[in-house]
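Working notes, beginning with the structure itself.
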Amino acid sequence: MDSNDSGRVISGPTNPMVTPLLTDHYQFTMAYAYWKASKHQERAVFDLYFRKNPFGGEYTIFAGLEECVRFISNYKISEDQIHFIKNNLPPSCEDGFFDYLRGIDCSDVEVYAIPEGTVVFPKVPLMRIEGPVAVVQLLETPIVNLINYASLVSTNAARHRFVAGKSKTLLEFGLRRAQGPDGGVSASKYCYIGGFDATSNVAAGRLFGIPLRGTHSHAFVSSYMSLGEITEKSLRKKDGSSTCVDFVSLVQKWLNKIKWSDSLCGIFSDTNKSELTAFISYALAFPDNFLALVDTYDVMRSGVPNFCAVALALSDLGYKAVGIRLDSGDLAYLSCESRKFFCSIEKEFELPGFGKMSITASNDLNEETLDALNKQGHEVDAYGIGTYLVTCYAQAALGVVFKLVEINNQPRIKLSEDVSKVSIPCKKRIYRLYGKETYPLVDLITGENEPPPKVGQRILCRHPFQESKRAYVVPQHVEELQRCYCAGSSDKKRETLPPLKDIRERCIKQLEQMRPDHMRRLNPTPYKCQCKIIRLHSFLVAQRGTCWGAAVTKEIKWNGSL
Ligand SMILES: Nc1ncnc2c1ncn2[C@@H]1O[C@H](COP(=O)(O)OP(=O)(O)OP(=O)(O)O)[C@@H](O)[C@H]1O
Ligand SMILES: O=P(O)(O)OC[C@H]1O[C@H](OP(=O)(O)OP(=O)(O)O)[C@H](O)[C@@H]1O
Ligand SMILES: O=C(O)c1cccnc1
Ligand SMILES: [Mg+2]
């Protein structure tokens with residue numbers, strides 16, 4: 001275990017499966033080849049970034065950093081693991097290599113990163129990892145793995161939040177449909193960062209302190225047959241002053257009252273008794289938190305009237321019911337009809353607040369259905385979202401990459417026929433420049449030792465690969481984005497890892513700060529990410545002339561200096 005500047009111990013990764021073996025086999029074969037060639041200690045710099053925003057959008061949430069720092073800070077290959085690696089490399093591999101593996105501990109690895117929960121953009125390095133080349137290569141796969149899904153699902157959650165609107169409660173219900181146990185637990189953590197309010201996942205609640213929320217299922221409703229099943233019918237008043245000995249009769253009395261009331265007469269006749277029994281049973285168990293799933297039989301003819309009868313009986317005893325969940329049918333229509341029903345009860349029985357009963361909707365919800373509901377008009381207060389959210393149904397992966405940008409202080413580039421795949425060489429600094437309206441204007445990449453952009457100064461920003469795309473910017477505020485999370489043997493001050501709540505708040509604030517046209521769902525405006533590495537552009541132009549036509553895709557030496 002490692003400790004940070006404040007002396008707090010950084011514990012290992014949340015998932016015990018995240019070990020030095022959670023890497024690709026080729027990382028170990030390359031490590032051996034580096035070691036054999038006595039190249040393993042050469043100081044390498046890698047950038048982690050992605051090339052395209054997911055879900056057809058123009059922003060991404062950076063997440064997964066804490067788990068990377070936990071992994072790197074606690075990196076140690078155990079004897080057991082070394083034994084396994086040895087058995088899976090050719091017998092010709094020399095023993096000295098395994099002694100070398102035994103000694104690796106990442107104490108000389110430096111990690112610079114944009115804080116978790118920040119809104120980020122393509123091509124901008126989210127993390128820069130410096131260290132002995134063999135070690136940093138071993139870290140590549142687990143780090144890409146830890147960032148890729150975390151950032152993708154946080155972004156998915158943020159997009160769902162954006163469509164749902166600030167005032168709605170968002171519940172993550174995805175555990176049963178997630179890609180395995182880690183998919184489920186990670187989804188809960190990162191959907192919370194992306195702006196969800198709570199999860200149904202108990203393990204995630206325990207591990208990360210995420211608020212737990214939930215309702216009940218159809219099975220609970222259909223497991224009951226008749227009112228005779230309820231043997232313990234008494235319920236104490238909330239203030240403890242007396243006890244209602246027959247809560248079931250009280251509910252039946254209310255059901256009858258509603259049925260014959262002026263405003264609701266004729267809307268329903270006999271409701272489903274199995275459902276009524278289930279609701280009463282749930283209310284007796286949770287009189288203070290009564291929320292009923294009302295779509296097992298018929299929402300308007302049974303579920304909602306049954307719920308209201310129980311809620312009214314609870315109200316007689318001083319309790320306030322929470323609301324209903326709709327899990328099928330036309331959610332816009334049913335939520336509006338349910339609201340009307342609640343409002344009629346409020347009026348008819350003079351019960352202030354009854355009309356505001358909470359309505360939760362679920363059932364294969366996604367960005368599109370939320371958007372459709374908004375357009376139609378609805379009365380939903382909370383959404384329970386599972387499958388589409390946690391599986392990131394609309395996009396399978398973010399496409400995070402980890403590219404060598406410098407070795408032994410020499411820049412490195414990877415060329416490709418596809419311009420979007422050309423890596424940007426050199427150790428860099430990343431600045432976010434803000435304009436007058438406090439919106440971020442551009443992310444600027446400079447060489448590490450270039451002078452930083454200054455407030456009020458006119459700065460020429462150039463697209464990394466397209467000569468014609470350039471603009472002068474006069475920033476009103478400049479923020480350097482990457483901070484030090486592992487100092488290695490340098491004397492840099494290391495950032496403390498913030499609590500999950502703070503990461504979530506950062507994410508929400510960052511999203512609020514974005515210019516609205518970057519955020520809209522249809523044809524959003526791309527945010528600008530520019531370079532100030534002046535020599536880079538001419539270098540790339542020169543390379544295009546000589547190599548690109550010949551489809552060069554291998555790493556080549558950078559000839560320019562900064
Ligand atoms: N008003 C609405 N506008 C657009 N989509 C809606 C609306 N109401 C519900 N939906 C979505 O329509 C789909 C309906 O799913 P489906 O066709 O399986 O019907 P269902 O209501 O689940 O029926 P059942 O449970 O009886 O099989 C869900 O994805 C749901 O989120
Ligand atoms: O729809 P999702 O976004 O994945 O949200 C989670 C779903 O899980 C539950 O369904 P259940 O497992 O009972 O299955 P069913 O509703 O598909 O029948 C719940 O009732 C939601 O419908
Ligand atoms: O609590 C709920 O209502 C819930 C939890 C998980 C999946 N579906 C619903
Ligand atoms: Mg469902």
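As the structure lists them, so they are numbered: ligands from 1, and atoms in each ligand from 1. Every heavy atom of this structure was used, including side-chain atoms; hydrogens, water molecules and symmetry mates were not. Along the sequence shown, residues carry numbers from 1. Quick caveat, the model's predicted, so the values are computed rather than measured.
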With a 4.0 Å cut-off, would you call Glu337 and Lys340 a salt bridge?
yes
Using a strict threshold of under 4.0 Å (side-chain N to carboxylate O), is an ion pair present between Glu368 and Arg521?
yes
Could you tell me, atom by atom, which parts of ligand 3 come under 4.0 Å of a heavy atom of [X]?
{"X": "Gly214", "result": "1 (O)"}
{"X": "Ser200", "result": "5 (C), 6 (C)"}
{"X": "Arg176", "result": "6 (C), 7 (C)"}

Would you indicate whether Arg70, at its atom CZ, is surrounded by more than 12 heavy atoms from other residues, nucleotides or ligands within a distance under 6.0 Å?
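Yes, the 6.0 Å shell around CZ holds more than 12 heavy atoms from other groups.
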Considering only the protein, which heavy-atom contact is closest to atom 8 (N) of ligand 3, and what is its distance?
Phe173 CD1, 3.6 Å
Between Ser234 and Leu284, which heavy-atom pair has the shortest distance, and what is it?
O-CD2, 3.8 Å
Ala113 and Leu65: which non-hydrogen atoms are nearest, and at how many Å?
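Heavy atoms only, the tightest pair is CB-CD1, 3.6 Å.
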Backbone or side chain, does any N or O of Thr215 fall under 3.5 Å from an N or O of ligand 3?
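Yes, Thr215 has an N/O under 3.5 Å of an N/O on ligand 3.
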His518 vs Tyr527 aromatic rings, parallel, tilted or perpendicular, using cut-offs 30° and 60°?
perpendicular
Lys168 backbone acceptor or donor facing Arg161 side chain under 3.5 Å
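Yes, because the side chain of Arg161 sits within donor-acceptor range (under 3.5 Å) of the backbone of Lys168.
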Check: Phe279 ring centroid to Tyr224 ring centroid under 6.0 Å
no
Protein residues having a heavy atom less than 4.0 Å from any atom of ligand 1:
Ser328, Gly329, Asp330, Leu331, Ala332, Asn363, Asp364, Leu365, Thr369, Ala372, Leu373, Gln376
